[in-house]
Chemist: 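I'd like to ask you about the structure that follows.
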Amino acid sequence: LSNLNILQFRLRAGVEARNNIVNQCLIRMYMWPLTVWNVGTSTCMASCIADAFYNARCNGIVGCDPEEVVVDSGRRNVVKITLPTEMDAISTEVMHTIQITSLTLPTYGFFPTKIGVQLTKPDDNAPHYITSAGYIMKNPDAGATNGRIVISDRSGYGPKPFQNDESNILYLRLQLGATIWNVGRQNTAFLTINLPMGYGA
């Protein structure tokens, strides 16, 4: 997702025929990390690529609408897909591909993560939830990671600001472009800070 705002995924149903995914079913994709994503208020664009191996059909309009996990939060981190009307049922063999474009990508990045997916019937009942088999990731935009010395009020120069003073205290503000997580292990995530020219610690 770092270079193209295109998200593509293939749908596969359960083993039994009663678990087939039929036309006009609703699919909600929970975009993780939830606090990073905000796909915007505009309707996104989506299309269905039919399973060519079985000469299957997947025609018509694919609905693509943003939703919120937390109502009235202003952060739309769910993409709701409405499957088209002219579509052969999705099974363990027939697997259509949904392609979503024009998504508003987050400024910040994230390491490879899965997506939460909920399937409901056309009347939005009987929900079934699962996580994706694949992963998505994104590099942070330029400038998303930055650091600077706090320069407001007294903290900007510290208690010992003169050239001959030693052991002055300065405060540094860091903003990371991606969450660093050590998955419960030691030395798996670290941060290196390079001091400006003329500074020492």
Side-chain angles (χ1 to χ4, degrees), residues 1-14 19 21-48 58 60-85 87 90 96-148 150 152 173-184 189:
L1 291 174
S2 297
N3 298 318
L4 298 174
N5 59 343
I6 298 175
L7 183 61
Q8 187 168 290
F9 60 95
R10 188 172 61 174
L11 299 171
R12 183 177 63 183
N19 294 327
I21 303 173
V22 299
N23 61 339
Q24 294 189 290
C25 277
L26 303 177
I27 298 171
R28 285 181 173 87
M29 301 193 315
Y30 296 84
M31 308 301 293
W32 293 344
L34 294 173
T35 55
V36 170
W37 281 93
N38 189 2
V39 298
T41 58
S42 302
T43 301
C44 47
M45 298 177 61
S47 59
C48 183
C58 194
I61 298 175
V62 179
C64 186
D65 301 287
E67 290 186 343
E68 302 168 319
V69 170
V70 179
V71 178
D72 296 330
S73 66
R75 181 175 294 277
R76 291 168 173 81
N77 40 23
V78 179
V79 178
K80 184 181 78 172
I81 298 294
T82 305
L83 296 178
T85 55
M87 185 193 82
I90 298 171
H96 304 313
T97 300
I98 301 296
Q99 186 179 81
I100 303 173
T101 58
S102 71
L103 280 179
T104 300
L105 298 181
T107 300
Y108 299 102
F110 50 87
F111 290 95
T113 183
K114 294 188 175 187
I115 295 177
V117 182
Q118 176 185 279
L119 171 69
T120 56
K121 293 182 177 180
D123 60 2
D124 211 6
N125 285 319
H128 177 74
Y129 182 84
I130 196 173
T131 55
S132 61
Y135 295 79
I136 62 171
M137 65 170 291
K138 182 186 178 296
N139 294 327
D141 291 352
T145 298
N146 61 78
R148 65 181 180 87
V150 178
S152 60
R173 178 183 182 272
L174 296 176
Q175 186 171 12
L176 302 181
T179 300
I180 298 178
W181 176 244
N182 66 359
V183 296

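Just so we're clear, the structure is a prediction, and the values are computed from it rather than from any experiment.
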Chemist: How long is the span from the CZ atom in R10 to the NE2 atom in H96, to the nearest 0.5 Å?
Modeler: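 Nearest 0.5 Å value for the CZ-NE2 distance: 12.0 Å.
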Chemist: State the OH-CH2 distance between Y135 and W32, to the nearest 0.5 angstrom.
Modeler: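 Separation between the atoms: 10.5 Å.
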Chemist: Enter the distance from R76:CZ to S42:OG here, rounded to the nearest 0.5 Å.
Modeler: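 These two atoms lie 9.5 Å from each other.
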Chemist: Evaluate I136 against F110 for side-chain contact (heavy atoms from CB on, under 4.5 Å), listing each step before the verdict.
Modeler: CA-CA 9 Å; I136 62 171; F110 50 87; 3.9 Å; yes
Chemist: Just do the side-chain contact (heavy atoms from CB on, under 4.5 Å) check on M29 and I100 with the steps written out, would you?
Modeler: CA-CA 11 Å; M29 301 193 315; I100 303 173; 3.3 Å; yes
Chemist: Can you tell if the side chain of C25 reaches within under 4.5 Å of the side chain of L119, non-hydrogen atoms only?
Modeler: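 Counting from C-beta outward, C25 and L119 do come under 4.5 Å.
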Chemist: State which residues pass side chain to side chain contact (heavy atoms under 4.5 Å, CB included) with S102; sequence neighbours excluded, sorted by chain then number.
Modeler: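 Counting only residues at least two positions away or on another chain, S102 forms a side chain to side chain contact (heavy atoms under 4.5 Å, CB included) with C44, M45.
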Chemist: Measure the spacing between CD of Q175 and OG1 of T145 and express it to the nearest 0.5 Å.
Modeler: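 Answer for the CD-OG1 pair, Q175 versus T145, is 8.0 Å.
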Chemist: Closest approach of C64 and A46, non-hydrogen atoms and distance?
Modeler: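 That closest heavy-atom pairing would be CB-CB, 3.9 Å.
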Chemist: Report yes or no: does N77 contribute a side-chain atom to a donor-acceptor pair with the main-chain N or O of N38 at less than 3.5 Å?
Modeler: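 Between the backbone of N38 and the side chain of N77 there is no qualifying donor-acceptor contact (under 3.5 Å).
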Chemist: Nearest 0.5 Å, please: how far is CG in N125 from OG1 in T120?
Modeler: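 CG of N125 is found 8.0 Å from OG1 of T120.
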Chemist: Tell me, yes or no, whether the heavy-atom count around I61 atom CD1, taken from other residues, nucleotides or ligands under 6.0 Å, exceeds 12.
Modeler: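 Counting neighbours around CD1 of I61, 12 or fewer heavy atoms of other residues, nucleotides or ligands fall under 6.0 Å, so no.
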Chemist: Given 3.5 Å as the limit, does a donor-acceptor pair link the side chain of E68 with the main chain of G74, or not?
Modeler: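 Flag set: sc E68 to bb G74 pair under 3.5 Å.
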Chemist: Please check this pair: side chain of N5 against backbone of L103, looking for a donor-acceptor N/O pair closer than 3.5 Å.
Modeler: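 Present.
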Chemist: Show your reasoning for whether side-chain contact (heavy atoms from CB on, under 4.5 Å) applies to M31 and L7.
Modeler: CA-CA 11 Å; M31 308 301 293; L7 183 61; 3.8 Å; yes
Chemist: Going by side chain to side chain contact (heavy atoms under 4.5 Å, CB included), L11 matches just one of I27, V117, I81, T97. Which one?
Modeler: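 Single pass found, and it is I27.
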Chemist: Not counting sequence neighbours, which residues clear side chain to side chain contact (heavy atoms under 4.5 Å, CB included) with T107? List them please.
Modeler: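 Result, side chain to side chain contact (heavy atoms under 4.5 Å, CB included) vs T107: D141, A144.
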Chemist: Between M87 and N23, which heavy-atom pair has the shortest distance, and what is it?
Modeler: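 Of all heavy-atom pairs spanning M87 and N23, the closest is CE-N, 3.5 Å.
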Chemist: By salt bridge (Lys or Arg N to Asp or Glu O under 4.0 Å), which residues pair with R28, not counting sequence neighbours?
Modeler: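 Expected list: E67, D124.
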Chemist: How many angstroms lie between atom NZ of K138 and atom CH2 of W37, to the nearest 0.5 angstrom?
Modeler: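 With rounding to 0.5 Å, NZ (K138) is 8.0 Å from CH2 (W37).
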Chemist: Evaluate the criterion side-chain contact (heavy atoms from CB on, under 4.5 Å) for residue pair V70 and R75; output intermediate values, then yes/no.
Modeler: CA-CA 8 Å; V70 179; R75 181 175 294 277; over 6 Å; no
Chemist: Is it the case that atom NZ in K114 sees more than 12 heavy atoms from other parts of the structure closer than 6.0 Å?
Modeler: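 Buried by this count: over 12 neighbours within 6.0 Å.
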